[in-house]
Undergrad: 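Take this structure, written in structure tokens, and hold onto it; I'll ask about it next.
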Amino acid sequence: MMLPVGATIGILGGGQLGRMLSSAAAKFGLKTIIFAPGDDLPAAQVANRHINANYTDTEALEAFANACNVVTLEWENVPVSAVETIEAAGVAVRPGAKALSVAQDRVAEKTFLEACGIACAPWRAVDTLDDLQSAFTAIGPDCILKTRRDGYDGKGQVRLNAESDLASAWTELQEAPAILEGFVPFDLEVSVIIARANGGEIAPYPIPENQHSGGILRRSRVPAAIPEETAEQAISMAKSLADQLDYVGVLALELFVCGDGRVLANEFAPRVHNSGHWTPEACLAGQFENHIRAVAGWPLGPIDLLYPAEMDNLIGDDAATPLETLLEQGSLTLYGKTDIRPGRKMGHVVRLLIGTP
Ligand code: AMP
């Protein structure tokens, strides 16, 4: 069923993704309520209402559910119990508990990806130092130890090689349940941003290539410099994941492209994604609009690339650049964060590469 104009979409999470989702909803006369703990959150600044409560506050979650026609999320670490409480109150959450629980745990995620026929780097679950030693023997020496849960932007990760001291790596991750992954000698990192409508219709955006430094995305550029077959393979991997999750909304599958043609999945995000921030400028219907359309049960909008484009994140002190200079750099989006901190995503700039081959 299509939600009528004027209906209310609840958003779990209060960051910049929620802010851009709220703005996209407002374009259609849909209202948004943000549910997230904290004051003056980027999303709450532009939404119709903010419920400032913890994700474990059942009463507040029920009040939120009662005020919404449908609920979505902009942060993948929302406790699954919050989604279950909202669903128990009779309100659909799109994407739902399944996508969220798989994405929250790297072991569940790799297991699910592989069950969908999506290749990943070799990996082993690690719960003890003994596990780490045997996993390292099996897939080392070039590998990465990552916490199973709560890692983002390269946090909760230790790179290992033949000289590494496994005991100190294990201590560094505070002996948290982890996964050991083989290090992939990739040529490029790309992502597939794909929208899936309530009825299963699918719209994969053109594929961007992504440059990271210090584990944080710095720049995405579209279209990625990859052969057509590689792009097709990447899209079919993302389609299979979205179908198997019976997903509704936008998801992002992050992939490594190797020189020998292999395409391996890194992880997926059950939400709109930083590497898709160029879509509102470079396509008629951007990722935020298509996420809102899908969640509202509407048909998806066109995702064809009108121009090649690149997007630069403004991270930490980048945002201290004089405003006139930032405005000259391209189409500027700021997230309404006043407090500049190292590594904090403050905004982004999109440039359309008109006339660029
Ligand atoms: P993640 O938090 O898993 O997305 O990792 C952050 C970044 O670390 C990725 O975007 C890659 O640049 C790098 N990275 C993560 N896992 C691997 C891997 N198995 N092999 C090579 N690089 C990796």
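Numbering of ligands and ligand atoms starts at 1, following listing order. When reading the values below, keep in mind they use all heavy atoms of this one structure, side chains included, and skip hydrogens, waters and symmetry mates. Nothing here was measured: the structure is a model prediction, and the numbers come from that model.
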Undergrad: Show the atoms of ligand 1 that are less than 4.0 angstrom away from any heavy atom in Lys146.
TA: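 The atoms of ligand 1 under 4.0 Å from a heavy atom of Lys146 are 3 (O), 15 (C), 16 (N).
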Undergrad: Does a donor on one side chain and an acceptor on the other come within less than 3.5 Å for His291 and Thr72?
TA: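 Checked: His291/Thr72 side chains pair up, N/O donor to acceptor below 3.5 Å.
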Undergrad: What are the atoms of ligand 1, with element, lying closer than 4.0 Å to any heavy atom of Arg106?
TA: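 That gives atoms 2 (O), 3 (O) of ligand 1.
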Undergrad: Between the side chains of Gln104 and Asn77, does any donor sit under 3.5 Å from an acceptor?
TA: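 Side-chain D/A pair, Gln104 to Asn77: absent.
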Undergrad: Ligand 1 versus Ile144, non-hydrogen atoms closer than 4.0 Å: side chain, backbone, both, neither?
TA: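 It is the side chain that touches ligand 1; the backbone stays farther off.
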Undergrad: Find all atoms of ligand 1 within a distance of less than 4.0 Å from any non-hydrogen atom belonging to His212, and give their numbers and elements.
TA: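 Every atom of ligand 1 under 4.0 Å from some heavy atom of His212: 10 (O).
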Undergrad: Calculate, to the nearest 0.5 Å, the distance between atoms CD and NE2 belonging to Gln16 and His348 respectively.
TA: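 Interatomic distance, Gln16 CD to His348 NE2, rounded to 0.5 Å: 9.5 Å.
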Undergrad: Taking the six-membered ring of Tyr335 as reference, does the cationic atom of Arg19 (NZ for Lys, CZ for Arg) lie under 6.0 Å from its centre and within 45° of its axis?
TA: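 Output no; distance or angle outside limits.
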Undergrad: Give the atom numbers and elements of ligand 1 that come within less than 4.0 Å of a heavy atom of Glu189.
TA: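 Counting from 1, the qualifying ligand atoms are 9 (C), 10 (O), 11 (C), 12 (O).
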Undergrad: Output yes when the distance from some N or O of ligand 1 to some N or O of Val184 is under 3.5 Å, and no in every other case.
TA: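 Indeed, backbone or side chain, Val184 has an N or O that close.
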Undergrad: Decide ring-ring contact (aromatic ring centres under 6.0 Å, His included) for His50 and Phe64; before the verdict, give the C-alpha distance in whole Å, the side-chain angles of both, and the deciding distance to 0.1 Å.
TA: CA-CA 10 Å; His50 175 205; Phe64 172 62; over 10 Å; no
Undergrad: Show me which atoms of ligand 1 lie under 4.0 Å from any heavy atom of Glu254.
TA: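 Here the atoms of ligand 1 in question are 4 (O).
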Undergrad: Contact between Gly182 and ligand 1, counting heavy atoms under 4.0 Å?
TA: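 The answer is yes, since Gly182 has a heavy atom less than 4.0 Å from ligand 1.
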Undergrad: Does Phe268 offer a backbone N or O that forms a donor-acceptor pair with the side chain of Glu109 under 3.5 Å?
TA: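 Between the backbone of Phe268 and the side chain of Glu109 there is a qualifying donor-acceptor contact (under 3.5 Å).
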